[in-house]
Protein chains: 2
Amino acid sequence: MYTISEVSKLLDITTYTLRYYEKEGIVKPVRNANGERVYEDTHLAWLRFVLRLKQTQMPISQIREYAQLYLEGEHTSQARLNLLEDHRSSIQDQIRHLTETEKMLNDKIANYKVFISKGNTLDLSMND
Amino acid sequence: MYTISEVSKLLDITTYTLRYYEKEGIVKPVRNANGERVYEDTHLAWLRFVLRLKQTQMPISQIREYAQLYLEGEHTSQARLNLLEDHRSSIQDQIRHLTETEKMLNDKIANYKVFISKGNTLDLSMND
DNA sequence: ATTTGCCTTACAGTAAACTCTAACCTATAT
DNA sequence: ATATAGGTTAGAGTTTACTGTAAGGCAAAT
């Protein structure tokens, strides 16, 4: 059982964001007698999962879609599986792009280092 | 020598975006007698590089910073090198996050597949 | 009793990165 | 000569994902 500010600290996101996620249908904490949000461990686990999806560029709208399917119950498992598989392939694309760009940067960085160590006397030509 | 719409097609970005990038100081095409933008191969190469940086989550503001340093000449090479090294380490972080999340998804996907193949009779428990 | 601290809501504001509109210009095709 | 297919600018509008404000409720501490 956590208050909104406890969750905020635990997950390192603001309370604003947590309320925003609720408004967007991404998380549904229970309420106490006082009308205050109460998050349980399941919510924490779900939010940690959500943050990973976010970190890997899944838009809020798609995360909401997945959350909705989850709430609709077990008959949506095929739809959820499809969504996860799509996201996995998006992740694989991202890794490919990143790896290519990393290689390119390695080259550029090496060129810059040679250039600088030679006292900036060389020709940098294609060194954008 | 390319017109704005040719570049747009070659790079698969809109002409709006190209004008926006110019306003943001990211690319400076020359102008013909008619005041129209003329992009050369160097601009194309630079824009392809920019798109890679974008694809790997470098914000426009930082790309502009790099472009500015480039225009300021060779004495900025150390600053450019620093910027590229920072971005490379950001890329490495991203790859780490993506790889972890991919592993997590692999597990989840495998669970869903078992669940579905058993006719949805199993317990999904932690299967968010 | 009232201050303090944390909570609530509705709604307005912000930043980034485009995206579009309106009004206008200019070269070529019919 | 005029329609068409491009180009130009300034500036307004959009989307996403927050971020902040205002007005107020409630409970424990002073």
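Every chain is numbered from 1 and lettered A, B, ... according to where its sequence line falls, protein lines coming before strand lines.
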* Would you call B:Gln62 and B:Leu83 a side-chain contact if the rule is heavy atoms closer than 4.5 Å? -> yes
* To do: Could you tell me whether the side chains of A:Ser61 and A:Glu65 share a donor-acceptor contact shorter than 3.5 Å?
  => no
* Asked: Is the phosphate of D:dT16, meaning OP1 or OP2, less than 4.0 Å from a side-chain N or O of A:Arg64?
  -> no
* Nucleotide D:dG7, atom P - distance to CD of B:Glu22 in whole Å -> 14 Å
* Structure fact -> In short, the helix from C:dA1-D:dT30 to C:dT30-D:dA1 is bent end to end, axes from five pairs each side, to 10°, by 20°
* Whether A:Phe49 and A:Tyr66 hold their rings parallel, tilted or perpendicular, with breakpoints at 30° and 60° -> perpendicular
* Asked: Base, sugar-phosphate, or nothing: which does A:Ser5 touch, judged by heavy atoms less than 4.0 Å apart?
  -> sugar-phosphate
* Rounded off to whole Å, could you give me the CD1-to-C1' distance for the A:Ile4 and D:dG20 pair? => 14 Å
* Structure fact -> Atom CZ of B:Arg31 and atom C1' of D:dG7 are separated, to the nearest Å, by 10 Å
* Heavy-atom distance under 4.5 Å between the side chains of B:Glu22 and B:Pro29, does that happen here? -> yes
* **Nearest heavy-atom neighbours spanning A:Glu102 and B:Ile91** => CB-CG2, 4.0 Å
* Asked: Roughly, in whole Å, what's the span from CZ in A:Arg37 to P in D:dC26?
  -> 16 Å
* Structure fact -> DNA chain C nearest-nucleotide lookup for B:Pro59 and B:Glu36: closer to the 5′ end is B:Pro59
* Look at all strands and tell whether A:Thr3 reaches a base, only sugar-phosphate, or nothing, counting heavy atoms closer than 4.0 Å. => sugar-phosphate
* **Close side-chain approach of B:Glu85 to A:Lys113, heavy-atom, < 4.5 Å** => yes
* To do: Take atom OH of B:Tyr39 and atom P of D:dG6, then tell me their distance rounded to the nearest Å.
  => 17 Å
* **Between C1' of D:dG20 and NZ of A:Lys23, the distance in whole Å** => 11 Å
* What are the 5'-most and 3'-most nucleotides of DNA chain C lying under 4.0 Å from any heavy atom of chain B? -> C:dA17 to C:dA27
* Asked: For the side chain of A:Ser8 and the backbone of A:Ile4, is there at least one donor-acceptor N/O pair under 3.5 Å apart?
  -> no
* OP1, OP2 of D:dC18 versus side-chain N and O of A:Tyr21: anything below 4.0 Å? -> yes
* Nucleotide D:dA17, atom P - distance to CG of A:Leu53 in whole Å -> 13 Å
* Hey, does the side chain of B:Glu36 reach the backbone of B:Thr3 with a donor-acceptor pair shorter than 3.5 angstrom? -> no
* Asked: Is a donor on one side and an acceptor on the other found under 3.5 Å between the side chain of B:Thr76 and the backbone of B:Gly73?
  -> yes
* In whole angstrom, give the distance that lies between atom CG of A:Leu18 and atom C1' of D:dG20. => 15 Å
* Asked: Which is true for A:Arg19 with a 4.0 Å heavy-atom rule: it touches a base, it touches only sugar-phosphate, or it touches nothing?
  -> base
